[in-house]
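Sequential numbering from 1 along the given sequence is applied to the chain's residues.
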Amino acid sequence: MRCPKCGREYSSFIPPRCLCGELLEITYNYSAVNPKKWKKREKGVWRYKELLPRVNEIVTLKEGGTPLVKAKIGEMLNLNVYIKDETRNPTGSFRDRLVTVGVSYGLPYADNGFIVASDGNAAASLAAYAARANREAFVVVPRRVDKGKLIQMIAFGAKIIRYGDSVDECVDYAKELAKLNGLYDITPENNIIGLEGQKTVAFELWEEINPTHVIIPTGSGSNLYSIYKGFSELLEIGAIDELPKLIAVQTDKCNPIASEILGIKPKKEFTKALGLYVKDPVNRERAVKAVKESDGTAVIVEEEQLDLGEKLLAKEGVFAEYASAVVIPALLKLNEDRYFEKDDRIVLIVTGSGLKSYYIDEREKFSIGGTKLKILKLLKEKPMYGYEIWENLEKPMKYQAVYQHIKELESLGLIEEACKKGRKIYYKLTEKGQRLLENFEE
């Protein structure tokens with residue numbers, strides 16, 4: 001693409017800003033787009049190929065085309081409320097839309113592999129798609145990250161680099177690592193190509209209900225901007241007459257985007273909605289513009305309301321991470337303020353699954369926890385056989401139960417047979433097991 005201000009051209013990487021300071025935006029030949037053709041194609045991100053970057057090869061796991069479900073809570077509020085369930089993407093989050101485009105476009109430039117800076121979802125997604133593309137995946141994640149997402153990264157074979165307290169610190173580090181090691185960086189703060197995939201949420205919403213309001217959990221601001229860009233392009237091709245109102249939602253602990261929209265002092269503290277823990281978002285300017293140009297607003301929800309949001313979404317049949325659960329208290333707050341009209345069509349964007357994203361500082365360590373984690377720690381010291389492992393466990397249990405844990409760890413590829421001495425089988429950690437244990441211990 002070419003910078004509209006200085007004319008500088010970009011091809012492999014397209015940064016958020018040109019070197020001259022101009023915000024960059026990928027554009028298309030909108031006059032040639034005929035949305036009637038979309039209806040004849042399979043649902044998913046690549047259904048909208050005329051409004052996506054051209055690629056030589058599509059790397060896909062059939063992402064997109066996620067369900068839009070009428071919400072029961074809307075009946076209670078006498079409103080038309082719908083849930084866009086992005087947890088139904090292949091790796092459980094909206095980031096699969098970004099990664100399918102980023103990896104497909106970057107494939108010719110990624111002989112040494114891909115890299116992304118992420119708080120978890122994009123890293124887990126890249127791990128899967130890079131594996132699909134037979135490329136290495138390097139993921140730079142903060143020290144505090146949901147363990148379920150770490151397990152995904154490890155399972156798909158990603159190389160995990162822990163760096164900094166929040167994803168903000170990871171972004172520049174990933175950029176530097178990409179330059180030094182010849183990696184293709186799909187971090188949206190460094191390369192906006194993947195955001196073209198995320199905007200397809202807007203196209204799907206238009207095809208189904210053409211919403212009047214879209215409530216969006218907001219961390220880096222990239223998803224908010226992407227959805228805005230999608231609707232703006234629908235406006236450009238004449239498919240809609242006006243933009244839906246876009247509503248940014250952040251927590252009272254960390255709200256650099258929402259506070260700017262509302263004109264209040266920002267907070268940048270740790271929030272257990274880890275996906276929203278972005279202190280200095282690179283895409284803040286784009287996100288604020290998206291809200292203002294759509295005549296939308298922002299909502300700040302209290303940290304204490306995250307559990308309520310999670311429970312009410314669960315009653316809808318959707319298990320969401322805390323970073324997504326903010327949409328429910330935001331909806332309730334806006335309704336109390338009489339923000340909506342009776343005939344409005346309101347969409348709640350649920351970005352990621354709670355199955356992999358449970359906040360665990362005060363909860364159990366997900367599926368690889370308890371006895372299994374203790375066995376891994378014992379085998380970190382030295383190879384052991386089954387009876388020896390049983391003797392060294394602090395928690396009393398039957399030997400048969402310990403043996404079952406050993407077999408499950410072996411089937412997961414976390415431990416393997418080290419040697420045999422007579423009838424005794426000694427076990428040791430695999431490389432995968434070592435990586436998992438290292439990440440649990442940080």
Sequence-distant partners of Tyr387, ring pair (Phe, Tyr, Trp, His ring centres under 6.0 Å), two or more places apart: Trp390
Backbone N/O of Ala123 and side chain of Ser118: donor-acceptor pair under 3.5 Å: yes
Whether Thr430 side chain and Gly413 backbone form a donor-acceptor pair below 3.5 Å: yes
Close side-chain approach of Ser104 and Trp46, heavy atoms under 4.5 Å: yes
Heavy atoms of other groups near Lys267 NZ, more than 12 under 6.0 Å: no
Near-ring test Phe203/Trp38, centroid separation under 6.0 angstrom: yes
Side-chain (Lys37) to main-chain (Glu50) donor-acceptor, under 3.5 angstrom: no
Asn89 backbone acceptor or donor facing Thr91 side chain under 3.5 Å: no
Gap between atom CG of Asp146 and atom CG of Asp119 - 0.5 Å precision: 8.0 Å
Arg286 NZ/CZ over Tyr225 ring centroid, <6.0 Å and within 45° of normal: yes
Side-chain (Asn112) to main-chain (Leu183) donor-acceptor, under 3.5 angstrom: no
Residue from Glu196, Glu204, Glu63 passing side-chain hydrogen bond (donor to acceptor under 3.5 Å, both in side chains) with Arg97: Glu204
Glu269 atom CD: more than 12 heavy-atom contacts under 6.0 Å: yes
Matching residue for Glu321 among Lys149, Lys272, Arg95 - test: salt bridge (Lys or Arg N to Asp or Glu O under 4.0 Å): Lys149
Side-chain donor/acceptor of Gln305 to backbone N/O of Glu302, under 3.5 Å: yes
Side-chain (Tyr184) to main-chain (Ser12) donor-acceptor, under 3.5 angstrom: yes
Check: Asp165/Tyr277 side-chain N/O donor and acceptor closer than 3.5 Å: yes
Salt bridge present between Lys179 and Glu176 (N-O < 4.0 angstrom): no
Closest heavy-atom pair and its distance - Met384, Leu379: N-CD2, 3.6 Å
Gln250 side chain vs Ile257 backbone, donor-acceptor pair below 3.5 Å: yes
Minimum side-chain heavy-atom gap Ile73-Leu332 below 4.5 Å: yes
Residues, nucleotides or ligands: over 12 heavy atoms within 6.0 Å of Arg88 CZ: no
SB check Glu416 Lys428 (cutoff 4.0 Å): yes
Polar side-chain atom of Asn191 near backbone of Phe13 as donor-acceptor pair, under 3.5 Å: no
Mutual orientation of the aromatic rings belonging to Tyr385 and Tyr426 [parallel < 30°, tilted 30-60°, perpendicular > 60°]: perpendicular
Test item: Leu177 and Val140 side chains (from C-beta on) under 4.5 Å apart, heavy atoms: yes
CA sep, side-chain torsions, deciding dist, call: Ser125, Asp96, side chain to side chain donor-acceptor pair (under 3.5 Å): CA-CA 6 Å; Ser125 183; Asp96 289 345; 2.5 Å; yes
Test item: Leu378 and Tyr427 side chains (from C-beta on) under 4.5 Å apart, heavy atoms: no
Among Lys49, Arg47, Lys62, salt bridge (Lys or Arg N to Asp or Glu O under 4.0 Å) partner for Glu42: Lys62
Phe340 and Leu331, any side-chain heavy atoms less than 4.5 Å apart: yes
Exceeds 12 heavy-atom contacts within 6.0 angstrom, atom OH of Tyr10: yes
Donor-acceptor side-chain pairing of Glu408 and Gln404 below 3.5 angstrom: yes
Residue pair Leu355 / Thr87, side-chain heavy-atom distance below 4.5 Å: no
Qualifying residue, where the test is side-chain hydrogen bond (donor to acceptor under 3.5 Å, both in side chains) with Tyr48 and the options are Glu207, Arg41, Lys199: Glu207
Pairwise side-chain contact, Pro244 with Phe231, heavy-atom cut-off 4.5 Å (strictly under): yes
Side chain proximity check, Glu303 to Asp252, heavy atoms < 4.5 angstrom: yes
Taking every non-hydrogen atom, the tightest pair across Ala273 and Thr251: CB-CG2, 4.3 Å
Main-chain N/O of Thr187 paired to Asp185 side chain as donor or acceptor, under 3.5 Å: yes
